[in-house]
Amino acid sequence: MSEADCLFCKIVASEVPAKIVYETDRTLAFRDVNPQAPTHVLVIPKDHYRDAAALAAADHGLADEVIKTAHAVAQQEGIVEPGYRLVFNTGPGAGQTVFHVHGHVLGGRGLQWPPG
Ligand code: 5GP
Ligand code: ZN
């Protein structure tokens, strides 16, 4: 399932280039073009859902797989210790700008909490 004019669907289709760091049959992880931390990777399902809630509501284990992929990326990047942040901005007021669900895997520096 893909959606016309969706930037991340175009990355899945190799129509827009991306630095891919990890891939499974149903998920893809690639570096954010504007990194906010030494590790800043976006993890997406290859199928199109507008946000995390829509993905979870589809109820077929794909949300689980996205989170497992995020952890595999963190392992590969060596940031499981001391820890990493996994963020799903949901809605424009929270800063979501691309409406193809994506988890931000952030780490490699001290991460303040609350994030501000
Ligand atoms: P959001 O603000 O929707 O949570 O996150 C969207 C993210 O996508 C931003 O961090 C932004 O830097 C990243 N981004 C936007 N356009 C591109 C692109 O063409 N390639 C990659 N790799 N990341 C992008
Ligand atoms: Zn999409």
Side-chain angles (χ1 to χ4, degrees):
M1 187 172 73
S2 69
E3 200 156 277
D5 298 326
C6 170
L7 174 62
F8 289 174
C9 284
K10 288 180 179 168
I11 287 177
V12 171
S14 302
E15 292 167 11
V16 168
K19 291 182 183 165
I20 292 167
V21 298
Y22 196 92
E23 184 170 11
T24 68
D25 283 353
R26 297 201 295 164
T27 69
L28 191 66
F30 51 92
R31 296 202 187 278
D32 196 293
V33 77
N34 182 24
Q36 303 300 311
T39 290
H40 188 171
V41 171
L42 302 176
V43 180
I44 66 170
K46 291 179 179 177
D47 283 352
H48 182 94
Y49 297 94
R50 63 175 285 107
D51 58 25
L55 173 63
D59 192 25
H60 50 17
L62 188 51
D64 313 37
E65 199 171 324
V66 167
I67 293 170
K68 286 178 192 163
T69 293
H71 190 66
V73 167
Q75 287 177 316
Q76 189 171 278
E77 296 279 315
I79 57 171
V80 171
E81 297 294 340
Y84 64 93
R85 185 165 294 155
L86 177 57
V87 177
F88 293 86
N89 292 328
T90 304
Q96 186 176 5
T97 58
V98 178
F99 288 86
H100 180 133
V101 58
H102 50 281
H104 297 255
V105 178
L106 294 154
R109 64 165 168 81
L111 296 167
Q112 62 167 23
W113 188 261

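Just follow the structure's listing: the first ligand is 1, and inside any ligand the first atom is 1.
Contact residues for ligand 1 (protein heavy atom closer than 4.0 angstrom to any ligand atom): L7, F8, F30, R31, D32, V33, N34, L42, N89, G95, Q96, T97, V98, H102, H104.
Here the closest heavy-atom approach between residue A63 and residue A56 is recorded as CB-CA, 4.4 Å.
Between E3 and R50, no side-chain nitrogen of the basic residue sits less than 4.0 Å from a carboxylate oxygen of the acidic one, so the salt-bridge criterion is not met. One finds a salt bridge joining R31 and E77 here, because a Lys/Arg side-chain nitrogen approaches an Asp/Glu carboxylate oxygen to under 4.0 Å.
Between H48 and H100, the ring-plane angle classifies as perpendicular under the 30° and 60° cut-offs. Aromatic ring pairs are classed by plane angle as parallel below 30°, tilted from 30° to 60° and perpendicular above 60°; the pair F8 and F30 is perpendicular.
The backbone N or O of V21 lies less than 3.5 Å from a partner atom in the side chain of Q76, making a donor-acceptor pair.
Draw a line from the Zn ion (ligand 2) to ND1 of H48 and another to ND1 of H100, and the angle between them is 110° (to 10°). Considering the Zn ion (ligand 2) as centre, the angle to SG of C6 and to SG of C9 is 110° (10° rounding).
At a threshold of 4.5 Å between non-hydrogen side-chain atoms, the residues K68 and T27 do not count as touching.
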